[in-house]
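All remarks here apply to the structure that follows.
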Amino acid sequence: MPGPSPGLCRALLGLWAALGLGFLGLSAVAQEPFWADLQPRVALVERGGSLWLNCSTNCPRPERGGLETSLRRNGTQRGLRWLARQLVDIREPETQPVCFFRCARRTLQARGLIRTFQRPDRVELVPLPAWQPVGENFTLSCRVPGAGPRGSLTLTLLRGAQELIRRSFAGEPPRARGAVLTATVLARREDHGANFSCRAELDLRPHGLGLFENSSAPRQLRTFALSPDRPRLAAPRLLEVGSERPVSCALDELFPASEAWVYLALGDQRLSPEITFEGDALMATATATASAEQEGASQLVCNVTLGGESRETRENVTIYSFPAPVLTLSEPTIPEGKVVTVSCSAGARVLVTLDGIPAVVPGQPTQLQLNATEDDDRRSFFCDATLEVDGETLSKNKSAELRVLYAPRLDDSDCPRSWTWPEGPEQTLRCEARGNPTPSVHCARPDSGAVLALGLLGPVTRALAGTYRCTAANVQGQAVKDVTLTVEYAPALDSVGCPEHITWLEGTEVSLSCVAHGVPPPTVSCVRSGEARVLEGLLHVVREHAGTYRCEATNARGSAAKTVAVTVEYGPSFEEPSCPSNWTWVEGSGQLFSCEVDGKPEPSVECIGSEGTSEGMLLPLAPPDPGPRVPRISSELVPGIYVCNATNRHGSVVKTVAVSTESPPQMDESTCPSHQTWLEGTEAAALACAARGRPSPQVRCSREGVPRPQRLRVSREDAGTYRCLATNTHGTDARTVTVGVEYRPVVAELAASPPGGVRPGGNFTLTCRAEAWPPAQISWRAPPGAPNIGLSSNNSTLSVAGAMGSHGGEYECAATNAHGRHARRITVRVAGPWLWVAVGGAAGGAALLAAGAGLAFYVQSTACKKGEYNVQEAESSGEAVCLNGAGGGAGGSTAAAEGGTEAAGTAEAQAGGEVFAIQLTSA
């Protein structure tokens, strides 16, 4: 047995709760009112469903109780103060059950409310029209029968996924069921093939239930647009039985064109059109074939149907029968001289004409007879037939050819007696004969039997020239003809009849003639190049006849030209310009003596010394046509008198030539050294440069870049590069000379470092800088017994580490080179905490006094001659510092020292000038 339903459980729980409350209130029965309760008080049940109702009271001892309802009951359960009952197959939209109890002579009641709902299981969209014209309205109607309550329903009409209209039925009475939604829609082209549907939504979520949805099956809409115009029908007005003619039917402005149905028929014969589409246009084409049964008037029909509407066009077509005429020859092939009959006929109502001669009446044949001749061979006969159909005259014709058999004929037009062909180009040799059957033609030489290849393309050669016998033959007989073949060709000038080179001897008589070959025979004329006069007859040969002649041969086939070189020979002769009597040879030029001799053939020339040192010696000669590698005279040429002898096969001649020699300028290291040295202070002189050559060259030297200024003594600024140029009539020679200026040494600077004070035991450095060229050698002289003295690598610096009293005294720096010696001295004294440095040797004390006086009168005096003192430092520290001073012998030197200059190898000179003291203070 199945367990209790959930509704029953809820009813029992309510009942027990009511009983509990009753027990709690037994003591107060008389004081509290009694009631009846129905649970659930309000219920929403799906149509056809079931529900448990619980009826209870708080009356302690109810007399009786029950549940009143019109709904079917399935089971009941009872207690003292409660009643539970199951209601089944609930279909009423709304019922009100009543729970009642009798208590203390009063009736207690509780009313409930039960409503049903039905899901939208059926959603129906009213069928759409089969075809809907574009631009017209159609109706969409959606029905949802029985669904409810209607107030919770929403219906939506859709085109595809697009919502067209949506309606909610909120506010409808609770008992209302089912709904209908209708809308009017304008049909569009783009709606063709679109799906329309309806969606229903029952929203019971506010009542604690869900959202129930359902949609109708989609319905497809087919829209169309059809032009009001009739189709355009293209068809022949006349159609012959058995013939095929194309017909076409076209219509524009229809949509969708591919959905259109086309009916095309000729009378009762339905055609099978081929339909093509282009946009909104349709074209149907077919082939119409008429049968004999359709002869007469007929109609061609074109019907286009779309969306249940049709457009139709009809055209009248006349179907007729017109057989071709019949043309016959009694004998298509007949021998010459026999009679032939020609006849022409056609069907009824047809008028025939044979070679322009019509029949008497339509439907009758016509004919003619003739005696066949050669001229009738391949004659064509024409039979014309005419028929009038529906006011239009139609025509047909037939032709036939007559063949007449006759013997061959060799006419001059087809086989000329004389043939003339040019040599070379390919020709087709033809000798044609008339005749039927076609004759064969054979041409051969009577003498040699050589056959002429007729009808073939081949080159024409001179060997083909001659007389041939041509024979034409067929079954009717033969014809014979002699023909002559002439081959023409252009003139030719060969070396036998017209040689390229001709030699004449001066003083003789000759003529210039050339023989040419050609057909027809050519004429030959010779003209000297550059002239127009044709040479004729005998010529008395002179040298002027030598040259180039053009000989030209001409005939009808062309011309040929040839150049003939005429050489006139003669004995040798000397001319002064080409072989001078006096010649000067330039030494080193390699030049050869040019002695050109006039003569043909070219004479051989030889020049031999005749006297003096040149006797028996051969004088080298330049070749008459110098090439890229002309021989040169590599050795000395001996001047003197030479005799030149010129010889050819026509004689010899001699000439005397006097030869002298000269040479171009030449400078080398011996005459113009490339490096020269001057000493500063010496008297200014020119460069030592000379040149060899004949005639004597003139030499000029100039400085490159900056011109050398005019001065009496050599200065250091004269050093540089000079260019010397030697010139005579045969050329120039240049040489570059580098001039260096040397000078005596000068000690330009002698200085102590540090310039301030040095503590006893401290370090000091003496620096000596000299100016000299070539560079001077530096040497020092220190006080006797001074230890720990260090020198730099070039002796320019003397350094002392840990100064002591023995380091005090006079230090001398000497600079020496090849041009002299110069020295300067500096005195170092170590006394107490002071280190005094004095300049000037024996005058050191005086210099100190002068320095003190200079501090006292600084404003009015200067120190270090051309230098200055740092007055502020001297005043504050009691020391005088020489910043820029001049020594007595150096003039402009920055070192405060005494110095002198002496020549190399001489005793040291006494220093002169003023003495200045520098006090170096220890810390």
Side-chain angles (χ1 to χ4, degrees), residues 673 675-685 711 713-721 738-753 755 764-784 786 789-800 807 809-828 837-843 864-867 882 884-916 918:
H675 291 82
Q676 300 185 28
T677 302
W678 294 345
L679 181 60
E680 184 180 33
T682 60
E683 183 179 353
R711 55 169 64 92
R713 298 285 178 179
V714 175
S715 173
R716 299 181 193 180
E717 287 76 10
D718 293 334
T721 302
T738 302
V739 175
V741 177
E742 297 184 353
Y743 47 90
R744 300 175 181 85
V746 174
V747 177
E749 180 183 7
L750 181 58
S753 176
F764 69 91
T765 301
L766 301 181
T767 301
C768 180
R769 182 176 63 83
E771 296 179 358
W773 191 261
Q777 297 291 329
I778 303 296
S779 62
W780 292 87
R781 188 180 67 190
I789 293 178
L791 296 176
S792 62
S793 60
N794 60 354
N795 289 356
S796 62
T797 303
L798 181 147
S799 59
V800 172
H807 288 112
E810 184 180 74
Y811 291 81
E812 180 185 85
C813 172
T816 306
N817 70 0
H819 301 297
R821 179 178 183 275
H822 182 257
R824 295 185 70 177
R825 293 179 291 278
I826 185 169
T827 301
V828 177
V837 180
V839 182
C864 299
K865 201 169 186 178
K866 295 183 180 178
C882 179
N884 294 293
S893 172
T894 59
E898 176 185 1
T901 304
E902 60 182 65
T906 63
E908 179 179 346
Q910 188 68 27
E914 302 173 67
V915 177
F916 305 97
I918 300 175

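Checked for salt-bridge contact, Glu810 and Arg781 meet the test: a charged N lies under 4.0 Å from a carboxylate O.
Here Ser715 pairs with Glu717 under the side-chain hydrogen bond (donor to acceptor under 3.5 Å, both in side chains) rule; sequence neighbours left out. For Glu771, the salt bridge (Lys or Arg N to Asp or Glu O under 4.0 Å) partners at least two apart in sequence or on another chain are Arg769. Remark: Ala815 pairs with Pro745, Val747, Ala770, Ala776, Ile778 by the side chain to side chain contact (heavy atoms under 4.5 Å, CB included) rule, at least two apart or across chains. For Pro774, the side chain to side chain contact (heavy atoms under 4.5 Å, CB included) partners at least two apart in sequence or on another chain are Glu742, Asn817, His819. The side chain to side chain contact (heavy atoms under 4.5 Å, CB included) search around Ser793 returns none, not counting sequence neighbours. Partners of Arg716 by salt bridge (Lys or Arg N to Asp or Glu O under 4.0 Å), not counting sequence neighbours, listed by chain and number: Glu680.
Summarising the geometry of Arg824 relative to Ala748, their closest heavy-atom pair is NH1-O, 3.6 Å, with the distance given to 0.1 Å. Across Val714 and Glu683, no two heavy atoms sit closer than the pair CG2-O, 4.0 Å.
No side-chain heavy atom of Val741 sits less than 4.5 Å from a side-chain heavy atom of Trp773. Residues Cys768 and Trp780 have side chains in contact (heavy-atom distance under 4.5 Å, counting atoms from C-beta outward).
Distance check: Thr738 OG1 to His675 NE2 gives 4.5 Å after rounding to the nearest 0.5 Å. Thr797 contributes atom OG1, which lies 6.5 Å from atom CG of Asn794 (distance to the nearest 0.5 angstrom). Distance check, rounded to the nearest 0.5 Å: OG of Ser799 to CD1 of Ile789 gives 9.0 Å. The distance from atom OG of Ser779 to atom CZ of Arg821, rounded to the nearest 0.5 Å, is 5.5 Å. Summarising the geometry, atom CD belonging to Glu812 is positioned 10.5 Å from atom OG1 belonging to Thr827; distances are rounded to the nearest 0.5 Å. Between the CG atom of Leu750 and the OH atom of Tyr811 there is a distance of 12.0 Å, given to the nearest 0.5 Å.
Of the possible donor and acceptor atoms, none in the side chain of Ser753 sits under 3.5 Å from a partner among the backbone N and O of Thr765. Within the 3.5 Å criterion, the main-chain N or O of Val739 finds no donor-acceptor partner in the side chain of Trp678.
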